[in-house]
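Just so you know, these numbers use all the heavy atoms, side chains as well, and skip hydrogens, waters and symmetry mates. Numbered from 1 within each chain, the chains take letters A, B, ... in sequence-line order.
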2 protein chains.
Amino acid sequence: MTSSARESMHRQGVGLDQLCVNTIRTLAMDTVQKANSGHPGMPMGAAAMGYVLWTRFLRHNPANPQWPGRDRLVLSAGHGSALLYALLHLTGYDLALEELQRFRQWGSRTPGHPEYGLTPGVETTTGPLGQGATNAVGMALAQRFMAGRFNRPGHSIVDGNVYAIVSDGDLMEGVSSEAASLAGHLKLGNLIYLYDDNRISIEGETRLAFTEDVGRRFEAYEWHVQRVDGNDLEELTEAIAQAQAETERPSLILARTHIAYGSPSLQDSAGAHGSPLGEEEVRRTKERFGFPPDETFYIPSEALTHFREALERGKRWEEEWNSGFAAYANAYPELAGEWRQALTGELPEGWQDALPHFAPSDGSLATRSASGRVLNALAPHLPGLIGGSADLAPSTETYLKRLPDFSPDHWEGRNLHFGVREHSMGAILNGMALYGGLRPYGATFLIFSEYMRPPIRLAAMMKLPVVYVFTHDSIGLGEDGPTHQPVEQLLSLRAIPGLVVLRPAEATETAEAWRIALERHGPTALALSRQRLPVFDRSALAPAEGVRRGAYVLLEAAGGPPEAILMATGSEVHVALAAQSQLQADGVRTSVVSMPSWELFDQQPQSYRDQVLPPGVRARVAVEAGVTLGWSRYVGDNGDVVGIDHFGASAPAEVLQKEFGFTPENVVLRMKDVLTRTRR
Amino acid sequence: MTSSARESMHRQGVGLDQLCVNTIRTLAMDTVQKANSGHPGMPMGAAAMGYVLWTRFLRHNPANPQWPGRDRLVLSAGHGSALLYALLHLTGYDLALEELQRFRQWGSRTPGHPEYGLTPGVETTTGPLGQGATNAVGMALAQRFMAGRFNRPGHSIVDGNVYAIVSDGDLMEGVSSEAASLAGHLKLGNLIYLYDDNRISIEGETRLAFTEDVGRRFEAYEWHVQRVDGNDLEELTEAIAQAQAETERPSLILARTHIAYGSPSLQDSAGAHGSPLGEEEVRRTKERFGFPPDETFYIPSEALTHFREALERGKRWEEEWNSGFAAYANAYPELAGEWRQALTGELPEGWQDALPHFAPSDGSLATRSASGRVLNALAPHLPGLIGGSADLAPSTETYLKRLPDFSPDHWEGRNLHFGVREHSMGAILNGMALYGGLRPYGATFLIFSEYMRPPIRLAAMMKLPVVYVFTHDSIGLGEDGPTHQPVEQLLSLRAIPGLVVLRPAEATETAEAWRIALERHGPTALALSRQRLPVFDRSALAPAEGVRRGAYVLLEAAGGPPEAILMATGSEVHVALAAQSQLQADGVRTSVVSMPSWELFDQQPQSYRDQVLPPGVRARVAVEAGVTLGWSRYVGDNGDVVGIDHFGASAPAEVLQKEFGFTPENVVLRMKDVLTRTRR
């Protein structure tokens with residue numbers, strides 16, 4: 001800092017606190033201006049709450065962003081990423097100033113919206129509004145669960161708070177409404193939202209579309225609600241302290257802020273939302289703050305020193321926590337071992353021994369029922385397995401019997417009741433997985449995966465080990481009709497990069513599917529039948545280990561190499577087997593490929609893929625009770641697909657299967673047409 | 001009715017009203033029991049509100065379900081369809097008792113959840129929770145708009161109310177929270193929710209997950225809130241009358257009900273939610289109601305007579321409305337003509353003349369900008385065109401300049417501010433289209449189509465003429481990064497049966513895309529670029545009329561029939577054109593196919609498809625900045641796809657296009673590989 005600039009600041013009587021706040025503002029302005037892209041207004045408006053939170057409350061250690069005893073902070077308003085990057089740099093995270101100067105550039109660690117796994121200190125990927133706020137609910141829930149599981153009298157190794165900075169947009173999105181209702185219900189008093197109430201959205205003032213009484217709404221959800229001036233450091237401090245003190249209810253602090261605070265021309269205007277201020281306006285704003293107007297990325301050394309005290313504080317906190325943990329480990333060595341094990345993200349050894357075995361003598365059972373048996377068999381061996389359903393536990397068979405519900409009276413409870421709230425269920429599962437130490441799952445009908453695609457996509461992007469149990473996976477659900485019958489959902493889930501979709505054909509494949517899902521470091525969707533399906537006799541068919549390769553020859557052609565291949569997934573594998581038997585009887589050597597997962601099959605070496613689908617065999621028919629789109633690359637130019645390229649209908653499942661052509665007879669006919677074509 | 005049964009009722013002093021209510025209950029019970037599938041509890045619990053509404057308030061004419069002057073009624077709790085079917089039959093709609101006896105069977109008009117277009121009197125397809133409640137907001141909004149457009153002093157041809165019967169599940173879903181906030185903001189006093197507050201959901205009592213104060217929440221949205229006993233006919237009557245009288249605020253009536261009311265064993269239990277009561281319980285319930293226990297589908301004649309008075313009332317209402325309309329037509333003949341025209345669902349003749357023309361001299365412009373020009377050019381000629389954006393109007397370029405915003409001060413306004421509420425935007429658009437007389441559109445970034453898939457699917461199922469303007473349609477959006485870059489969205493939208501996706505390559509194709517969208521009787525999604533793209537010189541390239549066939553040869557191969565085909569959509573057509581020029585220079589005769597819509601192309605006759613993609617030309621490369629999944633059937637076994645099967649990144653668009661291979665050079669390389677392969 002030049003001595004004249006320093007004098008200028010002193011002349012204006014700017015104290016150290018305000019200097020620090022303005023440092024955040026000018027850094028954010030410069031960050032966005034240099035990129036010539038981004039959102040400067042939000043960081044400038046929310047700088048004061050960021051400052052207070054990070055220097056007076058947030059328990060974190062910038063030198064060890066993974067320290068398990070830390071508070072969690074979510075910037076739900078991810079477009080204000082420059083605020084977060086400024087704070088991470090200033091408080092001493094491994095994020096150099098050069099990274100702020102490469103904001104939004106190829107290969108930088110400062111992308112347009114914060115990305116989990118890329119930038120130290122970023123707890124979740126945010127940007128799609130409402131997601132971060134809901135992740136925070138999941139984190140707060142996970143923390144309660146971990147506390148319930150591990151804390152013991154006199155030993156509180158899990159505590160602290162989850163903070164989220166949320167915007168108007170976050171609170172307009174329905175997903176956050178769902179989550180807030182559930183958070184209030186669950187009494188997540190460890191959750192604190194700081195609402196950056198700047199009253200400006202992209203189209204203009206929020207009063208164009210958003211005039212509800214947000215505070216009153218949150219009171220209806222049983223939240224603790226406070227209103228403060230978002231630029232008043234003492235009001236903010238007092239409010240956060242009160243929010244911390246309130247442990248029975250989650251807290252909402254409505255902080256009245258001003259977008260682009262300090263900008264002579266753009267403060268309180270939508271023009272500062274999604275565009276840089278412009279060089280001249282940046283200069284003028286710096287002048288107003290008493291900062292040298294021509295210097296960029298300027299950090300007054302007093303401010304930096306003050307921010308970097310976070311390192312010393314963090315070190316001390318972590319040391320205190322470590323000694324607390326040592327005492328805990330002394331008193332509860334077994335639990336401490338479980339804790340360490342849980343934190344690795346790996347499952348305890350030997351868990352797979354608990355997987356149940358199924359045999360034809362078990363009779364017919366729906367894959368949802370097989371899944372329920374697997375879950376219940378695994379639950380005692382996987383103490384971190386916790387999940388629930390969006391009010392469909394009896395139908396999805398995801399309830400863990402003999403284990404308690406998660407509730408304020410039973411934080412160690414393993415069954416979650418999400419209510420009819422699929423979207424927030426997805427985003428809460430993400431928050432739980434991000435918190436660490438547990439393995440979350442969530443269930444609903446496959447059709448309602450449509451309500452939760454944004455968080456599924458984010459789970460895939462963040463590679464979170466979330467398991468989705470999607471039952472009633474086809475027209476096989478029957479009478480509920482087309483609104484409830486998934487048709488395009490298998491394909492649209494397969495389209496998400498990094499998500500693995502598994503549609504097992506029967507009970508043993510279902511157990512394998514669960515094994516794969518729990519071994520994965522990324523999200524997995526299980527598509528399960530409502531209807532009963534016989535358990536395969538594996539003495540006559542290939543072993544179900546093939547599931548892990550995505551597709552496998554379930555039944556070889558009889559009498560020589562195959563002339564024809566039937567491939568199918570889920571309940572339609574049974575149709576393919578019956579068709580094979582007719583084709584063989586008609587002298588067509590036909591193999592049956594069970595293909596529970598395209599994604600896993602595509603990852604296999606070419607040699608394996610050619611073994612399952614020999615390139616020379618061009619007569620191929622796929623059978624799946626879903627849209628035919630996407631199957632071409634497996635059946636090839638000469639193949640055919642028995643699928644359903646229209647919506648379903650309300651009728652008993654057997655009637656629909658017949659009417660829509662999912663019968664062995666129809667499959668045989670279609671294959672014979674293909675054979676005629678390919679033999680020409 | 002046997003005389004002894006009648007006596008039994010009289011003995012119990014059951015009045016006519018209660019007899020009618022119990023008739024609804026027993027009909028619904030029998031309907032579900034006969035199907036051995038469905039939800040009996042809801043209709044039994046909500047029978048009283050259904051009775052009061054239909055016999056004392058709902059302005060409808062069962063003999064003419066299309067009468068434009070009718071109130072609208074939405075059964076948002078679509079699983080309670082047996083309630084609606086009972087009321088439709090009882091009040092004289094064209095729905096025979098035999099149809100109730102074929103509930104949930106193949107080919108019946110009584111599917112598991114109500115389906116629009118299938119059953120007279122069903123105003124929207126419901127089942128996925130929250131959708132119907134939000135459709136109702138759209139209907140109420142549409143009614144206000146139509147009133148603003150057509151009513152004149154002393155002539156109120158558009159009035160009445162929109163009613164929705166909503167359940168716990170409807171109110172837990174975030175989509176309804178968004179919609180309720182907007183409805184309160186817009187002061188939709190013509191909207192009345194009857195909340196079937198039965199406190200039972202599938203997993204058990206709603207208090208497992210839903211303990212918020214719903215009434216207080218709706219008060220925070222600025223709704224008018226009342227609480228009544230849902231079995232007390234007079235309380236219900238008084239509350240609905242008050243709700244009608246309140247014209248400034250939408251109304252919520254919390255009616256405390258009892259699921260499966262009257263069932264000796266199952267009332268107030270989750271067991272009555274999704275399963276038939278069982279024959280013995282049905283008998284016992286009928287006995288309790290004083291109904292003959294062994295008769296099924298029994299309708300006391302006094303009850304039927306009373307219900308059927310709806311026909312006479314409806315006739316009178318319609319006649320009154322008709323004479324009012326005649327007076328209106330006399331006073332405002334031109335408006336009356338417009339009204340009649342609007343109600344046909346067709347656009348006024350000659351509207352296409354207003355479509356703007358674009359030429360290379362217009363310079364480069366993003367297809368979102370071309371779309372904005374089209375919208376603004378058409379708006380004055382299409383007075384029923386009304387829409388808006390989920391807080392992205394400046395970015396999606398969907399604002400109708402020089403036309404007012406829709407608001408309580410300007411019901412005739414044409415610009416809607418949905419706020420950051422994509423999901424409810426989608427469901428509100430459906431309600432608007434269902435109301436009739438207007439053409440709604442909604443806009444957001446393509447990535448956020450993920451937030452609104454459930455209503456898009458329902459629009460497709462109902463064949464509603466909704467237009468979605470999805471901009472920022474690829475990694476071409478640049479710096480906002482992977483959370484905002486659509487990758488799998490084009491494919492996942494294409495998977496929805498009945499939805500047409502159009503991704504125009506430049507301005508002229510964009511105008512054609514709008515023409516197609518507005519001519520369609522079904523939903524259309526436009527995928528538009530953020531980045532600027534040159535306008536094609538149509539003197540050197542084929543005319544853009546080809547867009548309506550889904551794909552067309554934009555540029556023929558030079559020097560003879562093609563050896564190779566490049567196909568592309570949207571911004572990548574420009575890459576393909578540049579690659580073609582290099583390939584031609586290298587002696588490869590290459591045609592370029594612009595392929596804005598798979599769905600439209602698939603509908604063309606084989607001869608046309610073979611003309612665009614000659615079967616003999618096996619060297620084919622597709623270029624699209626999205627997942628490659630699904631392209632196989634166009635490029636064939638020997639072809640290749642330049643796409644992106646992973647998430648994007650935050651960087652300037654040009655950098656991303658280069659890094660991810662969307663360059664002419666890369667396309668040329670990939671085509672040369674394909675040529676080597678196919679020539680072997």
Side-chain angles (χ1 to χ4, degrees), chain A residues 37 104-106 111-113 127-129 169 172-175 177-178 181 184-185 201-203 208-213 216-217 220-221 391-393 417 419-421 423 450-451 453-454 461 479-481 483-484 488 491-492 495-497 627 629-630 632-633 636-637 645-647 650-651 655, chain B residues 37 104-106 111-113 127-129 169 172-175 177-178 181 184-185 201-203 208-213 216-217 220-221 391-393 417 419-421 423 450-451 453-454 461 479-481 483-484 488 491-492 495-497 627 629-630 632-633 636-637 645-647 650-651 655:
Chain A
S37 167
R104 294 180 160 236
Q105 303 307 306
W106 179 259
H113 295 83
L129 291 169
M172 280 191 251
E173 292 284 4
V175 61
S177 298
E178 293 176 9
S181 175
H185 168 78
S201 65
I202 289 175
E203 292 187 0
L208 282 172
F210 191 51
T211 45
E212 62 168 64
D213 184 336
R216 199 170 173 195
R217 169 156 69 93
Y221 297 139
D391 194 38
L392 285 170
H417 294 282
V420 188
R421 305 182 180 104
H423 194 169
E450 299 272 301
Y451 276 72
R453 281 182 67 90
M461 198 176 289
E479 291 92 340
D480 274 348
T483 57
H484 284 53
E488 71 276 29
L491 179 72
S492 61
I496 301 175
V627 293
L629 191 55
S632 295
R633 74 185 158 144
D637 291 352
D645 285 320
H646 52 79
F647 294 111
S650 173
V655 176
Chain B
S37 166
R104 294 181 158 233
Q105 303 306 306
W106 179 259
H113 295 83
L129 291 169
M172 281 192 249
E173 291 284 4
V175 60
S177 298
E178 295 175 10
S181 176
H185 168 78
S201 65
I202 288 176
E203 293 188 359
L208 282 173
F210 190 52
T211 46
E212 63 169 63
D213 184 337
R216 197 169 175 196
R217 169 156 69 93
Y221 297 139
D391 195 39
L392 285 171
H417 295 282
V420 188
R421 303 182 181 104
H423 195 171
E450 299 273 302
Y451 276 72
R453 281 181 68 89
M461 198 176 290
E479 290 92 340
D480 275 346
T483 56
H484 284 54
E488 72 277 28
L491 180 71
S492 60
I496 301 176
V627 293
L629 190 54
S632 296
R633 74 185 157 144
D637 291 352
D645 285 319
H646 50 78
F647 295 112
S650 173
V655 177

Over all heavy atoms of both residues, which pair between B/Ser37 and A/Glu479 is shortest? Give the atoms and the distance, please.
OG-CB, 3.4 Å
Counterpart residues, salt bridge (Lys or Arg N to Asp or Glu O under 4.0 Å), relative to B/Glu488 (two or more places apart)
A/Arg457
Nearest atoms (heavy-atom pairs only) where A/Glu203 meets B/Leu392
OE2-N, 3.0 Å
Main chain of A/Gly174, side chain of B/Glu178: is a donor-acceptor contact present, judged purely on distance under 3.5 Å?
yes
Go through the atoms of B/Ile202 and report whether side chain, backbone, both or neither lie under 4.5 Å from a heavy atom of chain A.
both
Work out which heavy atom in A/Met172 is nearest to a heavy atom in B/Val420; give both atom names and the distance.
SD-N, 3.4 Å
Smallest separation among heavy atoms of A/Pro454 and B/Glu450, with atom names:
CD-O, 3.6 Å
Could I get the full list of side-chain contact (heavy atoms from CB on, under 4.5 Å) partners for A/Thr483, not counting sequence neighbours?
B/His113, B/Thr125, B/Pro128, B/Leu458, B/Met461
Need one label for A/Asp637: side chain, backbone, both or neither, based on atoms under 4.5 Å from any heavy atom in chain B.
both
Backbone N/O of A/Val175 and side chain of B/Tyr451: donor-acceptor pair under 3.5 Å
no
Which atom of A/Glu173 lies closest to which atom of B/Arg421, heavy atoms considered:
OE1-CA, 4.4 Å
Most heavy-atom pairs under 4.5 angstrom with chain A, which of B/Arg453, B/Arg216, B/Gln105?
B/Arg453
A/Leu208 versus B/Asp391: any side-chain heavy-atom pair under 4.5 Å?
no
Between chain B and each of A/Arg217, A/His646, A/His423, count heavy-atom pairs under 4.5 Å; write down the option with the most.
A/Arg217
Residue A/Ile496 versus chain B: region with a heavy atom under 4.5 Å
both
A side-chain contact here means heavy atoms from C-beta on lying under 4.5 Å apart; do A/Ser201 and B/His417 qualify?
no
Give the member of A/Gly481, A/Gly636, A/Gly184 that has the highest number of heavy-atom pairs under 4.5 Å with chain B.
A/Gly636
Restricting to non-hydrogen atoms, name the atom on A/Leu491 and the atom on B/Ala495 that form the minimum distance, rounded to 0.1 Å.
CD2-CB, 3.8 Å
Look at B/Gly630, B/Ser177, B/Ser632, B/Gly419 and state which one has the largest set of heavy-atom pairs under 4.5 Å with chain A.
B/Ser632
Under 4.5 Å from any heavy atom of chain A, what part of B/Asp480 do you find: side chain, backbone, both or neither?
both
Identify which of A/Gly112, A/Ala651, A/Ser650 forms the greatest number of heavy-atom pairs closer than 4.5 Å to chain B.
A/Ser650
